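Numbered from 1 within each chain, the chains take letters A, B, ... in sequence-line order. Just the heavy atoms: all of them, side chains too, but no hydrogens, waters or symmetry mates, feed the values below. The model shown is predicted, which means the values in this text are computed figures rather than measured ones.
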Amino acid sequence: MHLLDFIHQLLPFTRDWADWFVYVLMVFFFAFAILNTLVAPLTGISTYIERRLAGRAQYRWGPNRVGFRSLLSALPLTRGLTKLADVQPIKFIGSKIPGGLLQFAADGLKLFTKEDIIPSGADSFLFRLAPYVVMAGSFAAFAVFPVSFWCSATNLNIGIFYVIGISSLVVPGVLMSGWASANKWALYGGMRAASQIVSYEIPVAISLMTVVMLTGSMNMNDIVASQLSGYGIEKAGLLGWNVFRYGGLLVVPFVVYFIGGCAEVNRTPFDLPEAESELVAGYHTEYSGFRWSFFFMAEYANMFAVGAIATTMFLGGPLPPYPAAFTEGLPMLARFGEGFFWFFVKSYFFVLVMIHMRWTLPRYRIDQLMHLCWKVLIPIALLWFVIMCGVKMWRMEQNLPKHPAAAAAGAHR
Amino acid sequence: MIAVLGLQLSNPGAWVFLAFAAVTVASALMVAVSRNIVYSAFSLLLTFFGVAGLYVFLDADFLAAAQLLVYIGGILVLILFGIMLTNKIRDIHVSNDTTNPILGAVVAAGIFLVLAYVSLRCDWQVEDRPPAATAHEIGRAFMGRYLLPFEASSVLLLGALIGAAYLARRSEKKEGA
Amino acid sequence: MIASLEWFLLIGAFLFATGVYTILTRKNAVSVLMGVELVLNAANINLIAFSRFIKPVSSIGPQSVALPMEPVAASGIYGAPWIQGQVFAAFVIVLAAAEAAVALGIILGIYRGLGDVNVDETVRLKG
Amino acid sequence: MRYDYVGVLVFLVLAVGFILAGMTAQRIVSRLLRTWRPSASKLSPYECGEEPVGGTYVRYNIRFYVIALIFIVFDVEIVLLFPWARVFQELYPFYRSVLFWDMVIFIGILAFGLAYVWAKGDLEWVKTFRKHLSPAEKVARSPQKKEAA
């Protein structure tokens, strides 16, 4: 369903307005909602979860226990009020707040009020410009994700190809921040990030192309729709998901995609661009305060995007694991919520996997990284693409009528 | 209704078009005249992006995404790497010298004027067509009449790959790893 | 359609002129390459604009050759006639990428040989 | 179809507007709450407290460049293969296995290129030249020569 139809159904009075006005307004709200319910809070939630997991993984309990008092001491103005935190009723309320939750608030406040430093040697114009480019590249990909049943902000025909294209804006953005910082480590980190992202783009794109080839469409909503049925069952639920179809052959591109995706967002074990033992913090070494937090937000948005693409292309997107027939009778808003729930849960699962990977695996060396990309992932992805083409051909051959003229009459749309 | 050269300014899309056109033109000019080679390169980013926007206005969505992928994600990154590899440390800020700017400007202006004259005076046989999806049409053309160029382009890419790798290897040897 | 063909042709002409200016006046070989990219982009804009606006004179499918699936040819498996310009633009993109790779390889070789990438001083062929 | 790209534009505008609004709000709020005292050491490049040694724009490893050169070829391959992947199912009844072999030839030629750069050692990060050098070149690259140069 087109977003416009959905809006007309939801708010009937908008039918009389000029369509483009409603469309722009609604997409604006939709995008704003995605920005504010997915990207920004996700960064917060993910930070919280990551901190807790990291604390457990490293026996570093601090961030799990931070409470009310540290929040007060985060700001100069409220610092005098820290004595208040020891007054009995306030202390009681403060102690009821779950451990570590206020760390996230304190972090946000700290970033928001921190001194904004642009180094004297830096190219101040490009230094300010770089976060815009990176953020635009990572946020614009969200435009085509089917966040619920046949509902995405825009329903582009070239869906997945658009995502691959627009996210390549990140690469010059990263190089721009590295160059403008006038810092050796930042420049070197930018170089590493750029060459890593572009290298891993190839296995990722080839494994996504495998799905496009099997589906015959690049539209993400069509790809989701094609996963409704599988193994000859209409509304097959779990069995219709791409990883479980074709006898599970698509698990290989899925794994290739996920490894490549982890490398594209520069997370451990592929976090060479920001390896703190070698390159301080990589391309955003010189960024501080709120300006830095945009890079951080872009990283978490990218992590979610990797999960969302994996979900859409391989795990049925917003489709539930039970047959869709179970909930077809529900009212529209409930259906929307159901789709969004499954999309979010599946996508966020990948974010959690990435967070766990960070605290489990050691970092790669750069030669190992390139070895993995060029000598393992790309040959496997190419080979599997050809194999899946063969499988698809074999299946289509079985379904075709034998006479070519009949085929022409029957198969052409 | 105000219309400039067929551009209806009452349509909000026209203003978006003008914005993209302005970005493309201004950044292309910046590429040509900037004194700093890195600024030239990052202006090229804006030019490529603006051109991709113009492709969307021409209903060529697949090529717009391809433009982003190949030009911004590939060629521009390569150019930036090239700049950072081949420029000396001292002259990175003012590094984009020009020779004969006046002569060059005269030639460029002449070319522009001739092309503009032709494109404005020619009576183009314009056809009004509803927008259509392009990706599968391109695929059909690749598999139909353009099958030989499609396969030949892989040979071209193979040549480029081998040639570039050979050149890079040679200069690496010279450098002494 | 929002803008007419002339708009795109003018933008294309401007990009072409700036590209030529860059190629003619720059000393740095990488800058010259940027000018080439501008020219290629100008060509692409023109190709796609003509493909969008101009009435195609010939169909894309082979008319003279009788294929076993002749009825099919009419149904558009060869791609719509108006796609030709975009297909050409796709090949221009291929060409641009190949050209950029080889050109930057050569520039790297020049830099290794001469310690500079000034095209005015590159008068010897032997590095 | 152009209608759909309005959404893309909105997302781009919003991403830029989000940073603009954030930075403006931050500037206003933080002006009230914090001090702003830039000093020479604060504004110098961050090198873990050490005095920066040498210029910023150091020459980096040429391998990055070689990887990018190889990458761009495969990037274009992806652009050409996506339309093929899009129409494979649609056109299969007309072309049958010819369609498949078209793709196999296309990928095969490029896979040959990948094999070539792999065999020549262009994909190695830390390269050993010993394999491909002639004896004369080996002498030229011996340690004594290197020091003299």
Q: What I want to check is whether the side chains of B:D59 and B:T134 have a donor and an acceptor closer together than 3.5 Å.
A: no

Q: Chain D heavy atoms under 4.5 Å from B:F62: which part of the residue, side chain, backbone, both or neither?
A: side chain

Q: Top residue by heavy-atom pair count (under 4.5 Å) with chain D, among B:A66, B:A135, B:G74?
A: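 Result: the option with the highest number of such pairs is B:G74.
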
Q: Considering only heavy atoms, which portion of D:I107 lies under 4.5 Å from any heavy atom of chain B: side chain, backbone, both, or neither?
A: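 Neither the backbone nor the side chain of D:I107 comes within 4.5 Å of chain B.
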
Q: What part of D:F88 is in contact with chain B, defined as an atom under 4.5 angstrom from a non-hydrogen atom: side chain, backbone, both or neither?
A: neither

Q: Contact part of D:V117 toward chain B, heavy-atom cut-off under 4.5 Å: side chain, backbone, both or neither?
A: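 The side chain, not the backbone.
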
Q: Contact part of B:F49 toward chain D, heavy-atom cut-off under 4.5 Å: side chain, backbone, both or neither?
A: side chain

Q: Any donor and acceptor pair, going by atom type alone, linking the side chain of B:W124 with main-chain N or O of B:S119 inside 3.5 Å?
A: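 Yes.
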
Q: Would you call the rings of B:Y71 and B:F48 parallel, tilted or perpendicular, taking 30° and 60° as the class edges?
A: tilted

Q: Could you look at D:I72 and say if it's the side chain, the backbone, both or neither that has a heavy atom under 4.5 Å from chain B?
A: side chain

Q: Quick check on D:V73 against chain B: is it the side chain, the backbone, both or neither that has a heavy atom closer than 4.5 Å?
A: both

Q: Can you list the residues that meet the ring-ring contact (aromatic ring centres under 6.0 Å, His included) rule with D:F82, with sequence neighbours excluded?
A: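 With neighbours one apart ignored, the set is A:F161.
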
Q: What part of D:I67 gets within 4.5 angstrom of chain B, counting heavy atoms only: side chain, backbone, both, or neither?
A: neither

Q: Any donor and acceptor pair, going by atom type alone, linking the side chain of B:T47 with main-chain N or O of B:S43 inside 3.5 Å?
A: yes

Q: Name the member of B:G159, B:S153, B:G139 that forms the most heavy-atom pairs with chain D at distances under 4.5 Å.
A: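 Among the listed options, the one with the most contacts to chain D is B:G139.
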
Q: Walk me through it: do D:L99 and D:W84 pass the test side chain to side chain contact (heavy atoms under 4.5 Å, CB included)?
A: CA-CA 9 Å; D:L99 210 54; D:W84 180 88; 4.0 Å; yes

Q: With a 4.5 angstrom heavy-atom cut-off, is it the side chain or the backbone of B:V77 that approaches chain D, or both, or neither?
A: neither

Q: If we only count heavy atoms from C-beta on, is the B:W15 to B:L18 side-chain gap below 4.5 Å?
A: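 Counting from C-beta outward, B:W15 and B:L18 do come under 4.5 Å.
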
Q: Heavy-atom cut-off 4.5 Å, strictly under: side chain, backbone, both or neither for D:F71 against chain B?
A: side chain

Q: Below 4.5 Å from any heavy atom of chain D, which atoms of B:L147 appear? Answer side chain, backbone, both or neither.
A: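 Only the side chain of B:L147 comes within 4.5 Å of chain D.
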
